[in-house]
Amino acid sequence: MNGFGVLLGRDLKLAVREGGAIGTALGFYLVVVAMLPLSVGPDLNLLTRIAAGILWVALLLSALLSLPRLFEADHEDGVLEVLAMAPLPLEAAAGAKSLAHWLSTGVPLTLMAPLLGLMLNLELSAYPVLIATMLVGTPAISFIGAIGAALTLRSRRGGLLIALLVLPLYIPTLIFGISAMQASAFGTGGFGPSFLILAAISLASMVLGPLAAAAALRMQIG
Amino acid sequence: MLSKSAANLAMALHIENLTVARGGRTILAELSLSAKAGEAVLLTGANGAGKTTLLRAIAGLLPIAHGAIRLDGSAAEAGEGVAESCHFVGHLNGIKPALTVAENATFWARYLGGPTDGVPSALEQLRMADLAPIQAAYLSAGQKRRLGLTRLLVAPRPVWLMDEPAVSLDVASQELLADAVNRHLSRGGIVVAATHQPLGFVPSREHRLGRFAVTERLASSTIGEEGAP
């Protein structure tokens, strides 16, 4: 487990020091959400109704922006080959890198979502639920995304390909994230089951994502 | 360290009937090669003869079509794979430009399971100590190469696989590399190096790889010749 922590720490340090990825994701999130009221008009009731959906879809797209770099940088400078030969299994290394991606992208985006909620007239009572569902749902973005990032490692302009591969796999997270928020907002019940399924998707992706990503990485190295 | 060095003396790398294909083309066919503790094998051959392919296959980075790569000795008995007992120095240095020289070396020491207190002396051995606080992005090509080579020193591995290790090194740095290799060999390590230029250490053996043409596929059972250079 020592190597896992070392790699996680290094990736977080690089994310802070290089900075670009976090800034780009947050900026993109801000711009997409800010454009929406301009396009649908200042109807506050309408904005309240669609706020949760907009915040979720824009978050998925923003998190997707930094995914192509997840393994690419390590591949370009030869680090990936050494990671593949290290005592720590490549699966665990892929897991550490995915976790670092979540901590450096998913968490900042989640923390920014309430601020953007203000622009969409999101009801105050929905804020705790918004943060909770996003915190529980966003790990799936990084861990499923790692599979796409590994598969498209050596393809030029892999960024668009990742979106095509990975966005359909985000649909369950999107559905249950929004249904949990709606259940809570309209008091229709069913928040618990949706929230638990959302957590289950994230947990399953944490197990399966690194396995699939490592298999794809081995193929790309060889 | 001492016990590890002593154990290394019983170690031997065996490659038996190795066949590796890439992109549907056989690069190495039925290649056999072995190296005992303290031996350095020099791989030579024209461009495309399969030097890098052989090194990458030993490092576990390429799938093997047929044959076996074994490492006899303490590490194998401890259940480690061959790849985990090897250092591979390829065309890329494996360093992060955003990290400092010291951070790069410390990362490899900790990730590969070496002692972190060995980092300063490893940097010293390759004359990188003065550069320790500098970001790797600002190093020259030769300095980057030396930083890549410190990985060999910060985490002990019995087998060093080196693909053109002296690229972009000046004469003084080549001598530092040769010293490091000779120290590794005297401790019972194994070195397999592919190179076109003299490396400054005396190889125990030279293994010449020939190009494996399609027409020769049935005719030749071995493509290399073993013997003293």
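Reminder, nothing fancy here: chain letters follow the sequence lines and each chain counts from 1. The figures that follow rest on heavy atoms only: side chains count, while hydrogens, waters and symmetry mates do not.
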Going through the checks in order, is the salt bridge (charged side-chain N to carboxylate O under 4.0 Å, His left out) test met by B:Lys96 and A:Glu18? CA-CA 11 Å; B:Lys96 280 286 162 199; A:Glu18 290 172 345; over 6 Å; no
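- Open room surrounds OH on B:Tyr138; 12 or fewer heavy atoms of other groups in view lie less than 6.0 Å from it.
- For the residue pair B:Arg157 and A:Pro87, the shortest heavy atom distance occurs at NH2-CD, 3.5 Å.
- Only the side chain of A:Leu14 comes within contact range of chain B, with at least one heavy atom under 4.5 Å from a heavy atom of that chain.
- Within the 3.5 Å criterion, the main-chain N or O of A:Val6 finds no donor-acceptor partner in the side chain of B:Arg110.
- Looking at A:Leu83, the atoms closer than 4.5 Å to chain B (heavy atoms on both sides) sit in the backbone and in the side chain alike.
- Atom CG of A:Leu115 has more than 12 neighbouring heavy atoms from other residues, nucleotides or ligands inside a 6.0 Å radius.
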Starting from the C-alpha separation in whole Å, work towards a yes-or-no answer on side-chain contact (heavy atoms from CB on, under 4.5 Å) for B:Tyr111 and A:Asn2. CA-CA 8 Å; B:Tyr111 192 78; A:Asn2 186 27; over 6 Å; no
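- Heavy-atom proximity under 4.5 angstrom to chain A picks out B:Arg56, B:Ala59, B:Leu61, B:Leu62, B:Pro63 from residues 52-64 of chain B.
- For A:Ala84, the part sitting under 4.5 Å from any heavy atom of chain B is the side chain, from C-beta outward, and nothing else.
- In this structure, chain A has a heavy atom under 4.5 Å from the backbone of B:His87, while its side chain stays farther away.
- For the options A:Arg218, A:Met219, A:Glu81, heavy-atom pairs under 4.5 Å to chain B are most numerous at A:Glu81.
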side-chain contact (heavy atoms from CB on, under 4.5 Å) evaluation trace for A:Val82 with B:Phe88: CA-CA 7 Å; A:Val82 193; B:Phe88 174 67; over 6 Å; no
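- When the shell of 6.0 Å around CZ of B:Arg127 is examined, it contains 12 or fewer heavy atoms from other residues, nucleotides or ligands.
- Separating the CD1 atom in B:Ile95 from the CG atom in A:Asp77 is a distance of 8.0 Å, to the nearest 0.5 Å.
- Atom CD of residue A:Glu76 and atom CG of residue B:Leu92 lie 9.5 Å apart, to the nearest 0.5 angstrom.
- Of the charged side-chain nitrogens involved, none lies within less than 4.0 Å of a carboxylate oxygen, so that B:Glu103 and A:Arg10 do not count as a salt-bridged pair.
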